[in-house]
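For clarity, every value in this text was computed on a predicted model and none was experimentally measured.
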Amino acid sequence: MPDRGGRFMWIKLLYFAQTLIWMRGILQLPMRREKKYYALAATVLAAFFIWGYTVGYGGNDAIVWMGAEYLLMLLLFAKRAGELLIKYLFSFFYIGMISEPIRMLFSVFLRFHVTELQRAEWEILLHILLLILSLVIVWWLKDRTSLKLWIRKLPLRYYSVGFLVGFCASGVGSFSKTMIEDMPDGAFLFYRLISMALEEMVYLSGIFIAYLADLNRRYRKESALKGELLE
């Protein structure tokens, strides 16, 4: 298997760790307690690596990985499949809210200081930094009990909206990156900053919508309870 395949495997393993930390540490999803599920998850991960290093995926790397990653989530988390899928897709895209500013800095650094041959090593370093940043956020959230309770009580439909918003934000970022790749250095830097800001605004708008909708839901619930008490 060419070296590119090996790098792909390690990058996907680091990305899987980020998704796992996000779903467990930020979305507060409960882990399974049965050891057999962990053994199955380890088997699936090993099979994915062996398959990738030997036969390969025929250009379908991303699709195969998403299927394998969701299967791993099913084995690791004690949640219904539909709910888990929505929260997995939400996390899959919303990781970009944290990673995009760092990716922007890395893209500028690679553009001006790194040759094409060195990019793969720097990409692995980028994912290691994102993994560390995810752990820092989880550590910060650990003592925020009220925030964790709010996250646990969020209705599933808010995650569905968040997934759609994250998909749109990812589309904004992907489109801008393809458009600016061949621009002169000054224009590249300017439009990269603008695209990062736009992407972050789209992500944050999803959170703001969920927050306002939750406030409205609680207000209506409290109003109904007060009305019953007055009667």
Side-chain angles (χ1 to χ4, degrees), residues 5-53 57 61-103 106 123-145 147-154 156 158-160 162-163 165-167 169-170 203 206-207 210:
R7 291 196 299 267
F8 167 79
M9 293 298 171
W10 285 109
I11 287 171
K12 287 303 176 188
L13 184 62
L14 288 168
Y15 194 85
F16 169 67
Q18 291 176 55
T19 310
L20 188 64
I21 291 168
W22 182 285
M23 295 185 73
R24 173 59 182 154
I26 296 176
L27 299 191
Q28 305 291 306
L29 295 182
M31 300 288 288
R32 291 189 186 274
R33 296 184 179 181
E34 302 89 340
K35 292 182 179 179
K36 63 181 180 180
Y37 290 106
Y38 295 98
L40 285 170
T43 303
V44 169
L45 194 58
F48 176 81
F49 265 70
I50 293 169
W51 183 10
Y53 270 111
Y57 305 109
D61 299 0
I63 296 172
V64 173
W65 173 245
M66 281 192 70
E69 193 173 42
Y70 175 59
L71 178 57
L72 289 169
M73 297 301 167
L74 282 174
L75 293 170
L76 293 174
F77 291 109
K79 281 287 184 180
R80 290 174 298 177
E83 178 182 353
L84 190 62
L85 176 61
I86 291 172
K87 291 187 177 181
Y88 164 67
L89 291 172
F90 173 87
S91 301
F92 182 81
F93 285 103
Y94 260 76
I95 285 174
M97 182 178 66
I98 297 169
S99 66
E100 181 55 26
I102 297 178
R103 286 183 183 279
F106 257 73
E123 190 174 355
I124 292 174
L125 177 60
L126 167 64
H127 282 275
I128 292 172
L129 286 175
L130 293 175
L131 182 64
I132 293 170
L133 181 59
S134 300
L135 289 170
V136 169
I137 292 170
V138 171
W139 175 80
W140 174 84
L141 189 62
K142 185 175 64 173
D143 297 325
R144 270 68 182 181
T145 307
L147 183 55
K148 289 196 294 186
L149 288 174
W150 181 75
I151 291 171
R152 289 173 191 165
K153 292 179 179 179
L154 275 177
L156 189 60
Y158 295 163
Y159 288 104
S160 302
F163 153 61
V165 170
F167 179 80
S170 178
Y203 280 121
I207 297 175

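Of all heavy-atom pairs between Gly96 and Pro101, the closest is O-CD, 4.5 Å. Residues Tyr158 and Leu154 come closest through the heavy atom pair CD1-CD2, 3.5 Å. Between Tyr15 and Phe92, the closest heavy-atom pair is OH-O, 2.9 Å. Across every non-hydrogen atom of Tyr159 and Ile151, the tightest pair is OH-O, 3.3 Å. Smallest separation of non-hydrogen atoms from Trp22 and Ser91: CD1-OG, 2.9 Å.
The line from CZ of Arg152 to CD of Gln28 is 4.5 Å long, rounded to the nearest 0.5 Å. Separating the OG1 atom in Thr19 from the CE atom in Met66 is a distance of 9.5 Å, to the nearest 0.5 Å. Taking CD of Glu100 as the reference point, atom CD1 of Ile95 lies at 13.0 Å (rounded to 0.5 Å). From Ile128, atom CD1 reaches atom CG of Leu133 across 14.0 Å, with rounding to the nearest 0.5 Å.
In this structure, Leu29 and Met73 have side chains that are not in contact, with every pair of non-hydrogen atoms separated by 4.5 Å or more.
Within a 6.0 Å sphere centred on CZ of Phe16, other residues, nucleotides and ligands contribute more than 12 heavy atoms. Within a 6.0 Å sphere centred on CG of Leu149, other residues, nucleotides and ligands contribute more than 12 heavy atoms.
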Using distance only, find each side-chain donor-acceptor pair of residues 37-49 under 3.5 Å and give its atom names and separation, not counting sequence neighbours.
from, atom 1, to, atom 2, distance (Å)
Tyr38, OH, Arg32, O, 2.3
Thr43, OG1, Ala39, O, 2.9

Under 3.5 Å donor-acceptor pairs involving side-chain atoms of residues 76-90, not counting sequence neighbours:
from, atom 1, to, atom 2, distance (Å)
Lys79, NZ, Glu83, OE2, 3.4
Glu83, OE2, Lys87, NZ, 3.0
Tyr88, OH, Glu69, OE1, 2.7

Pairs of donor and acceptor atoms involving the side chains of residues 134-145, under 3.5 Å and at least two apart or interchain, shall be tabulated with distances.
from, atom 1, to, atom 2, distance (Å)
Ser134, OG, Leu130, O, 2.9
Arg144, NH1, Trp140, O, 3.0

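Tyr203 contributes no side-chain N or O that, together with a main-chain N or O of Tyr94, makes up a donor-acceptor pair within less than 3.5 Å.
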